[in-house]
Protein chains: 2
Amino acid sequence: MITYRQQQLDALGDVTRRTLLEKLRSGALPVGELAKNLPVSRPAVSQHLRVLKQARLVQDEAVGTRRYYKLDPRGFAALRSYLDRFWSEALEAFKAKVEEE
Amino acid sequence: MITYRQQQLDALGDVTRRTLLEKLRSGALPVGELAKNLPVSRPAVSQHLRVLKQARLVQDEAVGTRRYYKLDPRGFAALRSYLDRFWSEALEAFKAKVEEE
DNA sequence: GCTTACCGTTAGTGATTACTTACCGACAGC
DNA sequence: GCTGTCGGTAAGTAATCACTAACGGTAAGC
């Protein structure tokens with residue numbers, strides 16, 4: 001099973017992309033709506049959406065001439081479980097360290 | 001309460017910094033140990049550690065001439081709770097959308 | 001058919017960011 | 001005291017990355 005974790009964390013490392021994800025929290029939105037009130041041009045938004053899509057953080061669906069984007073549950077689930085595992089392993093290592101002494 | 005989320009996610013957006021965090025999962029390590037087997041120089045590691053520290057993702061402690069770095073529980077807890085909240089809000093919005101129809 | 005709205009892609013540019021090299025201070029061992 | 005180890009900082013460079021402008025393609029409205 002391949003993960004997209006590296007791409008996902010890279011994708012989250014940009015403030016504009018994070019803003020896009022925040023906007024999508026309340027549901028699917030077309031590109032034009034996403035680009036509204038952003039300090040960057042619409043093509044820039046398209047490029048960011050491509051990165052987010054490749055990282056499995058968003059999904060898109062064409063409806064007429066519009067293209068709706070929404071959060072991708074698979075990507076977020078993978079990210080959450082990784083973070084959980086990462087942290088619980090760190091805690092176990094810490095406990096083992098304490099008991100060692 | 002101020003959070004360091006923006007800095008944290010920016011900090012996670014670099015492969016070398018993520019590698020450093022992975023190494024720290026098993027416990028505290030001095031800089032020289034962290035720099036070992038990495039494709040970048042030791043000063044580069046120091047600079048990355050500074051970024052991680054400012055983002056509250058690591059803590060450091062001087063012991064003699066060495067400086068040990070370890071994961072910062074506060075930063076990771078904040079990050080986890082944010083991701084959890086983010087995702088649960090997204091799920092609620094999705095449910096509301098479904099019931100709407 | 002024509003026109004308009006919506007959006008992806010490409011090419012080139014600008015800004016950000018990670019990197020190395022050189023340097024310096026602090027502590028340990030002698 | 002001197003020497004070696006450890007590691008942070010600064011300056012300059014290289015590479016990455018985000019951005020805009022220009023273009024083209026598709027669907028909807030007329």
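Just so it is clear: chains get the letters A, B, ... in the order the sequence lines come, proteins before strands, and each one is counted from 1. Every value quoted in this text rests on a predicted model; they were computed, and no experiment measured them. Values reported hereafter were calculated over all heavy atoms of this structure, with side chains retained and with hydrogens, waters and symmetry mates removed.
- Both Leu83(A) and Leu24(B) are members of a single hydrophobic cluster when ILVMFWY side chains are connected at heavy-atom separations under 4.5 Å.
- If one axis is set at each end of the helix from dG1(C)-dC30(D) to dC30(C)-dG1(D) from five pairs, those axes are 30° apart, to 10°.
- Taking atom CG on Asp60(A) and atom C1' on dC6(C), their separation rounds to 14 Å, with Å as the unit.
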Do Leu57(B) and Tyr4(B) pass the side-chain contact (heavy atoms from CB on, under 4.5 Å) test, and can you show the C-alpha distance, the side-chain angles, and the key distance before you say yes or no? CA-CA 9 Å; Leu57(B) 288 173; Tyr4(B) 298 88; over 6 Å; no
Could you write nucleotides 15-20 of chain C as a row of B, S and -, 5' to 3', where a protein heavy atom under 4.0 Å of any base atom gives B, of only sugar-phosphate atoms gives S, and otherwise -? ---SBB
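- Between Lys95(B) and Glu92(B) there is no salt bridge, since no side-chain N of the basic residue sits under 4.0 Å from a carboxylate O of the acidic one.
- At a threshold of 4.0 angstrom between heavy atoms, the contacts of Tyr68(A) with the nucleic acid are absent.
- Open room surrounds CZ on Phe94(B); 12 or fewer heavy atoms of other groups in view lie less than 6.0 Å from it.
- No donor-acceptor pair closer than 3.5 Å links the side chain of Arg67(A) to the backbone N or O of Thr65(A).
- Using modelled atom types, one side-chain atom of Gln8(A) and one backbone atom of Ala55(A) make a donor-acceptor pair closer than 3.5 Å.
- Listed pair Tyr69(A) / dG8(C) meets the phosphate criterion, a side-chain N or O lying under 4.0 Å from OP1 or OP2.
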Please evaluate residues Arg17(A) and Leu12(A) with respect to the criterion side-chain contact (heavy atoms from CB on, under 4.5 Å), reporting the C-alpha separation (whole Å), side-chain torsions for both, the decisive distance (0.1 Å), and the verdict. CA-CA 7 Å; Arg17(A) 284 195 287 266; Leu12(A) 289 176; over 6 Å; no
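- Rounded to an integer number of Å, the gap from Leu52(B) CG to dG7(D) P is 16 Å.
- There is a path of hydrophobic side-chain contacts, each under 4.5 Å, that joins Leu21(A) to Leu91(B).
- Between the side chains of Arg18(B) and Gln6(A), at least one donor N or O sits under 3.5 Å from an acceptor N or O.
- Rounding to whole angstrom units, CG of residue Leu20(B) and P of dG7(D) are separated by 13 Å.
- Atom-to-atom, CD of Glu61(B) to C1' of dC6(D) comes out at 16 Å; the value is rounded to the nearest Å.
- Dashed line: the shortest gap from a side-chain N or O of Arg67(B) to OP1 or OP2 of dG8(D) is under 4.0 Å.
- Atom-to-atom, CG of Leu49(A) to P of dC6(C) comes out at 16 Å; the value is rounded to the nearest Å.
- Between Glu33(B) and Thr65(A), the one whose closest nucleotide on DNA chain D sits nearer the 5' end is Glu33(B).
- Set against dG7(D), dC6(D), dG8(C), the side chain of Val31(A) has dG8(C) as its closest nucleotide.
- In this structure, Arg66(B) does not reach the dT5(D) phosphate: none of its side-chain N or O atoms is under 4.0 Å from OP1 or OP2.
- For dG8(C), the OP1/OP2 oxygens have a side-chain nitrogen or oxygen of Ser46(A) closer than 4.0 Å.
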